[in-house]
Number of protein chains: 2
Amino acid sequence: MKNPIADLNKIFDSRIRLGVMSVLVVNNEIGFNDLKQMLELTDGNLASHLNTLEQAEFIKVHKGFIGRKTSTTYSITDLGKQAFKAHLDALEKMIKKL
Amino acid sequence: MKNPIADLNKIFDSRIRLGVMSVLVVNNEIGFNDLKQMLELTDGNLASHLNTLEQAEFIKVHKGFIGRKTSTTYSITDLGKQAFKAHLDALEKMIKKL
DNA sequence: TATTTAACTTTGAAAAACAAAGCACTTTTA
DNA sequence: TAAAAGTGCTTTGTTTTTCAAAGTTAAATA
């Protein structure tokens, strides 16, 4: 039998990063605070996970304004979509023996 | 929108423990060394993850013999089946928006 | 002007993961 | 029969990851 966990992406071992990605798959853009509230995280914790995802180029940041107020939003990249899908496929293959 | 990660089980954040469970779901009994080779782990690493799963009562240990050679095998408990299923359901709900 | 909000960064502590070595026991091999 | 090897751990210590809390900068509001 083949190693069932070899194809899982290390970046998605984290429930938080998994959550961010799952939100971004269905929302093409979401704000920092919305994410923070949705996932019930502290600023620093969310920011650092977002940073990890950005480093991997799985998400993109958009800094802009709502009126004259700054607003930061995040969206998934094509690479991110690919990697997330690959991870989910690996997960599914792993448990599809059910 | 509700927190999508709240229902994930912390114990299954680990790819290794996830792998162990996925193997145990389809094999009603598996040996230490088989798991070790399948998941490509060192003894200590596997043993400690197995210990975590045992503490949670998600798996059971069986110490016996194959011929005259000692053999330790592991199997999933009912609680383990339940918890694993619940985790997979939570995962699925999280991503079923796809 | 003082306070609040947004979106961080920095700091430091706690937890988790992990490899390597040691160990007790048995079995196989030379 | 002595040495080597395998099983299934435990112990030790390092590295990595996670996280909260506090600090920060700039703009907005009271």
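Below, read A as the first sequence line, B as the second, and so on, with proteins coming before strands; counting in each chain starts at 1. What's counted below: heavy atoms across the whole structure, side chains too, no hydrogens, waters or symmetry copies. All values reported here derive from a predicted model rather than from experimental measurement.
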Distance, rounded to the nearest Å, where [X] contributes [atom1] and [N] contributes [atom2]:
{"X": "A:I11", "N": "D:dT18", "atom1": "CD1", "atom2": "P", "result": "10 Å"}
{"X": "B:L50", "N": "D:dT7", "atom1": "CG", "atom2": "P", "result": "15 Å"}
{"X": "A:Q37", "N": "C:dT5", "atom1": "CD", "atom2": "P", "result": "12 Å"}
{"X": "B:F12", "N": "C:dA16", "atom1": "CZ", "atom2": "C1'", "result": "17 Å"}
{"X": "A:D43", "N": "C:dA6", "atom1": "CG", "atom2": "P", "result": "9 Å"}
{"X": "B:R15", "N": "D:dT17", "atom1": "CZ", "atom2": "P", "result": "12 Å"}
{"X": "A:L46", "N": "D:dT18", "atom1": "CG", "atom2": "C1'", "result": "14 Å"}
{"X": "B:L41", "N": "D:dG8", "atom1": "CG", "atom2": "C1'", "result": "14 Å"}

Practice prompt. On DNA chain C, check which nucleotide each of A:K36 and A:A47 is closest to and give me the residue with the more 5' one.
Written response: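 That would be A:K36.
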Discussion item. Nearest 0.5 angstrom please: B:K60 NZ to B:D78 CG, how far?
Written reply: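 Answer for the NZ-CG pair, B:K60 versus B:D78, is 7.0 Å.
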Worksheet entry | Which nucleotide in C:dC8, D:dC9, C:dC18 has an atom nearest any side-chain atom of B:F32 |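 In terms of side-chain proximity for B:F32, the closest of C:dC8, D:dC9, C:dC18 is D:dC9.
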Over all strands shown, is [X] touching base, sugar-phosphate only, or nothing at heavy-atom distances under 4.0 angstrom?
{"X": "A:I16", "answer": "sugar-phosphate"}
{"X": "B:K63", "answer": "sugar-phosphate"}
{"X": "A:S48", "answer": "nothing"}
{"X": "B:N33", "answer": "sugar-phosphate"}
{"X": "B:R17", "answer": "sugar-phosphate"}

Practice prompt. For atom CD of B:E57, decide whether the heavy atoms of other residues, nucleotides or ligands shown that lie under 6.0 angstrom number more than 12.
Written response: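 Not more than 12 within 6.0 Å, no.
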Worksheet item: Considering residues, nucleotides and ligands other than A:K2, do more than 12 of their heavy atoms fall under 6.0 Å from its NZ?
Response: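 Count over threshold, so yes.
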Item to complete: Select from A:K10 and A:T42 the residue whose nearest nucleotide in DNA chain D is closer to the 5' end of that strand.
Response: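 Counting from the 5' end, the first nearest nucleotide belongs to A:K10.
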Does [N] have its OP1 or OP2 closer than 4.0 Å to a side-chain nitrogen or oxygen of [X]?
{"X": "A:N45", "N": "D:dT18", "result": "no"}
{"X": "A:T72", "N": "C:dC8", "result": "yes"}
{"X": "B:Y74", "N": "D:dG8", "result": "no"}
{"X": "A:H49", "N": "D:dC19", "result": "yes"}

Practice prompt. Measure up the A:F12 and A:H87 rings against each other and bin them: parallel (under 30°), tilted (30 to 60°), perpendicular (over 60°).
Written response: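 If you compare the ring of A:F12 with that of A:H87, the planes turn out perpendicular.
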Discussion item. Is it the case that the side chain of A:R17 and the backbone of A:I11 share a donor-acceptor pair, with hydrogens and angles ignored and the cut-off at 3.5 Å?
Written reply: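 Yes: the side chain of A:R17 pairs with the backbone of A:I11.
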